[in-house]
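Structure first, commentary second.
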Amino acid sequence: MTQTEKKTITLQTPLTEQSVLSLEIGDAVSLNGFVFTARDEMHKFLFEGGRVPFDLRGGVLYHCGPIVKKVGGEWKAVSAGPTTSMREELYEAKIIEKLGVRAIIGKGGMGEKTKKAMQRFGCVYLHAVGGAAVLLAEKIARVEGVFGLKQFGATEAMWKLRVKNFPAIVSMDARGESTHEKILEESRRKF
Amino acid sequence: MVFDKRGFTSSIVKLYFITATSLPSDVERKIRSSMKTGEKNSIARKVLETIIENAELARKCSSPICQDTGTPIFFVEYDSRVASQKQIAQAIITATKTATKQIPLRANAVETITGKSTGTNIPIVYFEETGKNEVAVRLLLKGGGSENVGAGYKLPSIELNAGRDLKGVGKCVMDAVFRAQGKGCAPGVIGVCIGGTKDSAAVEAKKQLLRKLSDANKNKKLRKLENLLTRKLNSLGIGPMGLGGKTTVLGVKISELPRHPASFFVEIAYNCWCARRRTMVWKNGKPRFD
């Protein structure tokens with residue numbers, strides 16, 4: 001199935017419920033503001049009630065374990081694309097509910113449990129191009145902070161990143177629609 | 001000739017650098033041609049354009065194409081008159097540490113039980129002795145997302161209604177790619193080994209990922225199956241990153257090993273579109289890169 005791309009929508013964090021509810025699968029978005037990286041260890045930590053020193057209400061989680069290096073005393077993201085989101089399926093619904101996250105950036109989409117939480121609490125899934133890590137790192141204007149660097153290491157820590165015109169495609173919306181489900185069904189029929 | 005340990009080690013660091021930061025030219029050509037022929041005015045086309053744009057940028061900035069710089073897997077064909085296994089292994093270990101810091105690569109080796117990072121990468125190395133008076137070092141940087149969608153089957157399979165023949169093999173490959181959807185970073189390269197034992201088949205499937213996309217199988221039956229499966233997989237509609245489209249795989253590469261009469265394994269290794277594979281041939285004390 002060839003999915004046609006729709007309009008490009010500019011988003012600014014913190015995201016409001018209204019801005020999230022208006023998004024539909026297939027919309028291209030350009031994100032500005034802050035995103036917070038979270039991978040496997042950070043998801044487990046948050047799921048188990050761990051606290052982070054950032055306000056994630058209306059915030060954006062980014063499934064990403066970046067390559068960072070220190071340039072002149074400041075952290076810089078060199079390569080920072082999305083990781084497979086499905087590994088966080090067990091944790092994400094609770095995190096959306098408890099922390100008030102309004103968007104998840106990742107790749108490959110998520111499952112039924114997350115989809116329901118997105119619908120219930122007003123959250124969307126934004127698909128970034130896997131492997132397009134240098135291009136996406138260029139959209140990171142600044143590394144603004146980090147939590148858990150010592151405990152979790154650079155890959156699994158939560159990095160607070162200021163992004164400018166970060167590109168993604170809505171592939172799960174807050175109305176319960178999922179591009180991933182549609183493609184799965186389509187490919188099952190063609191199998 | 002005395003083995004130049006230092007020169008050999010720095011050539012492996014360079015091999016890491018090339019592999020991590022530049023898309024193999026045949027892969028890039030294939031993605032560009034898919035963009036022209038298959039995908040028009042769609043998300044699929046935009047994804048492929050992004051992939052190419054990123055590859056150009058990575059080369060320009062000398063940065064890793066993908067932040068997941070993978071698990072380094074080495075296939076070494078050596079001649080002990082040039083260097084011993086021990087000398088080569090030591091050079092690879094030293095080069096891995098240097099490359100991780102210098103390029104930099106992501107420190108991807110994690111302690112399994114604690115989940116703690118080791119702060120570096122730990123390579124996997126397979127050796128084969130040849131009499132060619134040279135050392136060929138082939139490196140795969142194998143990403144975790146694509147590794148997770150690799151699969152193993154045993155024929156016959158009641159679940160897939162697949163028998164012990166090439167038709168049955170085809171059903172296994174179709175099933176693996178269907179299950180992967182976009183999670184292995186499609187369009188992928190599919191390495192397959194049929195026969196062998198569980199362990200030998202898994203390694204042989206990985207080794208298929210080293211083949212150039214244009215490399216035609218010497219076995220006529222397997223060559224036909226590779227072409228047929230490439231067409232069939234691309235008609236599933238999964239598309240780049242699983243967002244729909246006509247480009248689901250860049251190629252399928254199949255190899256066979258002799259098997260025990262009781263066993264018929266089908267091992268499948270999935271490589272993401274980056275398909276990071278490069279070779280350094282060390283001959284007469286000098287490196288040549290491909």
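The figures here come from the full heavy-atom set of this structure, side chains too, leaving out hydrogens, waters and symmetry mates. Here is how names work: the chains are called A, B, and so on, in the same order as the sequence lines, proteins then strands, and each is numbered from 1.
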How far apart are the C-alpha atoms of A/F152 and A/F45, what are their side-chain angles, what is the distance that settles it, and do they pass the ring-ring contact (aromatic ring centres under 6.0 Å, His included) test? CA-CA 10 Å; A/F152 302 108; A/F45 176 78; 5.4 Å; yes
Count the heavy-atom pairs under 4.5 Å between each of A/A154, A/G153, A/G131 and chain B, then report the option with the highest count. A/G131
Whatever's closer than 4.5 Å to a heavy atom in chain A on B/L105 counts as backbone
Which one, B/A186, B/A58, B/G143, leads in non-hydrogen pairs under 4.5 Å with chain A? B/A58
Any carboxylate oxygen within less than 4.0 angstrom of a Lys/Arg side-chain nitrogen, looking at B/D175 and B/R179? yes
Measuring heavy-atom distances to chain B, does A/Q151 have an atom under 4.5 Å in its side chain, in its backbone, in both, or in neither? backbone
Could you verify whether a donor N or O on one side chain and an acceptor N or O on the other, from A/S85 and A/K107, lie under 3.5 Å apart? no
Using distance alone, with no hydrogens and no angle criterion, decide if B/T96 and B/N121 have a side-chain donor and acceptor under 3.5 Å apart. no
Let me see the working for A/R189 and A/E186 under salt bridge (Lys or Arg N to Asp or Glu O under 4.0 Å), right down to the final yes or no. CA-CA 5 Å; A/R189 276 199 299 278; A/E186 180 89 12; 3.0 Å; yes
Hey, is A/K116 close enough to A/E97 for a salt bridge, meaning N to O under 4.0 Å? no
Let me check something: any side-chain donor-acceptor pairs from residues 66-81 of chain A under 3.5 Å, sequence neighbours excluded? List them with distances.
from, atom 1, to, atom 2, distance (Å)
A/S79, OG, B/P64, O, 2.8
A/S79, OG, B/Q67, N, 3.2

Considering only heavy atoms, which portion of B/T248 lies under 4.5 Å from any heavy atom of chain A: side chain, backbone, both, or neither? neither
B/Q181, part contacting chain A, at a heavy-atom distance under 4.5 Å: side chain
For the candidates B/C185, B/A180, B/A107, which exhibits the highest count of non-hydrogen atom pairs separated by less than 4.5 Å from chain A? B/C185
Who among B/C274, B/P104, B/C61, B/P240 has the most heavy-atom pairs with chain A under 4.5 Å? B/P104
Interface check, chain B: of A/A137, A/G108, A/G65, most non-hydrogen pairs under 4.5 Å belong to A/G65
Contact part of B/N148 toward chain A, heavy-atom cut-off under 4.5 Å: side chain, backbone, both or neither? side chain
Heavy-atom proximity to chain B below 4.5 Å, by part of A/R188: both
What part of B/K116 gets closer than 4.5 Å to chain A, counting heavy atoms only: side chain, backbone, both or neither? side chain
Tell me, for A/P167 versus chain B, whether the close heavy atoms (under 4.5 Å) come from the side chain, the backbone, both or neither. neither
Counting only non-hydrogen atoms closer than 4.5 Å, does B/S63 touch chain A with its backbone (N, CA, C, O), its side chain (CB onward), both, or neither? both
Would you kindly say whether A/R102 and A/T13 are connected by a side-chain donor-acceptor distance under 3.5 Å? no
Quick check, are the ring centers of A/F166 and A/Y62 under 6.0 angstrom apart? yes
